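Heads up: the structure comes next, in structure tokens.
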Amino acid sequence: MKSLALLCLAFVCGGCFSYYPSKLPDERNSDPWDEFKEEDRYLLTLNVSPKERNSGLYRMHCTFLREIDQISKDEIAAYVVLIKSQTSFYPESVFYIKAEDKIFKIHADIKETEQYMTTSESTKDIIKADSSSVTVVDSYSIDNYVQQRFKFTFNQELKYAILASNKLSFRFYSGGLASTFEINGGDLHNLKVLIDEI
């Protein structure tokens, strides 16, 4: 009976530990130790679409980095990339993070901006009179978009609020439009692990 209880306990605990996110430490670097900076570096990258159908932004790409040295450094920074169309307004330099019911006002004054252009074409085959075929371009489109990048660091209050929340929202304003990016479920769990459990 005692061995059965131990077996059940091992199964339950094994289930708990198996959910430790595979993204932490970063899959590209199984050993988090960075000999050049003499610190452990953990990365978590998330891609989120806006909640609103009519949004000024297409997407938010966010990389969370935790750096821990052997003396006293333990910092978490977020590197955010916002993607917008060429015709929509740039996001304001102030944005908001909502963790459960607590709202934080964040300043992102130092930004990098870069423009990109992608092209795509559609082709089709046409049969000629001699039964041979030729491929012609049916349609052609050019898509221009802009990436805006910035960084901000986590303070203790934001860390604790995220750990206590079941949903995390980033809110940006560009022109008259608001864009809300929500992080929840497994992504929020992974962020909490990055913040607290490493």
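Note that the structure is predicted; figures quoted are calculated from it, not measured.
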How long is the straight-line distance from CD of Q70 back to CH2 of W33, given to the nearest 0.5 Å?
4.0 Å

Decide yes or no for N54 and L177: does some side-chain heavy atom of the first lie under 4.5 Å from some side-chain heavy atom of the second?
yes

So does D187 get a backbone contact from the side chain of N184, meaning a donor-acceptor N/O pair under 3.5 Å?
no

Return the set of residues passing side chain to side chain donor-acceptor pair (under 3.5 Å) with E35 (not counting sequence neighbours), or none when no residue passes.
none

What are the two closest non-hydrogen atoms of S165 and K192, and how far apart are they?
O-NZ, 2.5 Å

At what distance, to the nearest 0.5 angstrom, does SG of C62 lie from CG of L82?
9.0 Å

Shortest non-hydrogen contact between A108 and F150, atoms and distance:
CB-CD1, 3.3 Å

Please assess D69 against E38 for the test side chain to side chain contact (heavy atoms under 4.5 Å, CB included), listing each intermediate value before the final yes or no.
CA-CA 6 Å; D69 71 10; E38 296 187 339; over 6 Å; no

Nearest atoms (heavy-atom pairs only) where S179 meets G56
OG-N, 3.4 Å

Min side-chain heavy-atom separation F172-Y96 under 4.5 Å
no

Would I97 and L158 satisfy side chain to side chain contact (heavy atoms under 4.5 Å, CB included), going step by step from the backbone distance to the final call?
CA-CA 9 Å; I97 295 177; L158 178 58; 4.1 Å; yes

Do L191 and L168 make a side-chain contact, defined as non-hydrogen atoms from C-beta onward lying under 4.5 Å apart?
yes

The criterion is side chain to side chain contact (heavy atoms under 4.5 Å, CB included); which residues satisfy it with F89, sequence neighbours excluded?
S174

Minimal non-hydrogen separation, L194 against I76, with atom names:
O-CD1, 4.5 Å

M60 and V81, any side-chain heavy atoms less than 4.5 Å apart:
no

Measure the shortest side-chain to side-chain distance between Y42 and I68 over non-hydrogen atoms and say whether it is less than 4.5 angstrom.
yes

Side chain to side chain contact (heavy atoms under 4.5 Å, CB included) between I83 and V146, intermediate numbers included:
CA-CA 6 Å; I83 302 170; V146 177; over 6 Å; no

With sequence neighbours excluded, residues passing side chain to side chain donor-acceptor pair (under 3.5 Å) with S49
R59

Taking K167 for its side chain and K98 for its backbone only, find out whether a donor-acceptor pair lies under 3.5 Å.
no

Pairs meeting criterion salt bridge (Lys or Arg N to Asp or Glu O under 4.0 Å) with involvement of residues 44-56, two or more places apart
K51-E182

Taking only residues two or more places apart in sequence, or in another chain, which ones meet A77 in a side chain to side chain contact (heavy atoms under 4.5 Å, CB included)?
Y79, K151, T153

Checking I162 against I195 for the side chain to side chain contact (heavy atoms under 4.5 Å, CB included) test, could you report, in this order, the C-alpha distance in whole Å, the side-chain angles of both residues, the deciding distance, and whether it holds?
CA-CA 9 Å; I162 291 172; I195 291 172; 3.7 Å; yes

Which residues pass the ring pair (Phe, Tyr, Trp, His ring centres under 6.0 Å) test with F152, not counting sequence neighbours?
F95, F154

Residues at least two apart in sequence or cross-chain that pass side chain to side chain donor-acceptor pair (under 3.5 Å) with E157, listed by chain then number, are K102

Judged by atom type as modelled, is there a donor-acceptor pair below 3.5 Å linking the side chain of S85 to the main-chain atoms of S88?
yes

Going by heavy atoms in the side chains, are Q148 and P91 under 4.5 Å from each other?
yes

Listed partners of S169 passing side chain to side chain donor-acceptor pair (under 3.5 Å), at least two apart
none

So which of L46, T45, V80 actually passes side chain to side chain contact (heavy atoms under 4.5 Å, CB included) with H61?
T45

Note: L65 and R41 closest approach over all heavy atoms is CD2-NH2, 3.4 Å

If we only count heavy atoms from C-beta on, is the F170 to I183 side-chain gap below 4.5 Å?
yes

Scan for salt bridge (Lys or Arg N to Asp or Glu O under 4.0 Å) pairs involving residues 71-95, sequence neighbours excluded, and state none if there are none.
E39-K73, R66-D74, E67-K73

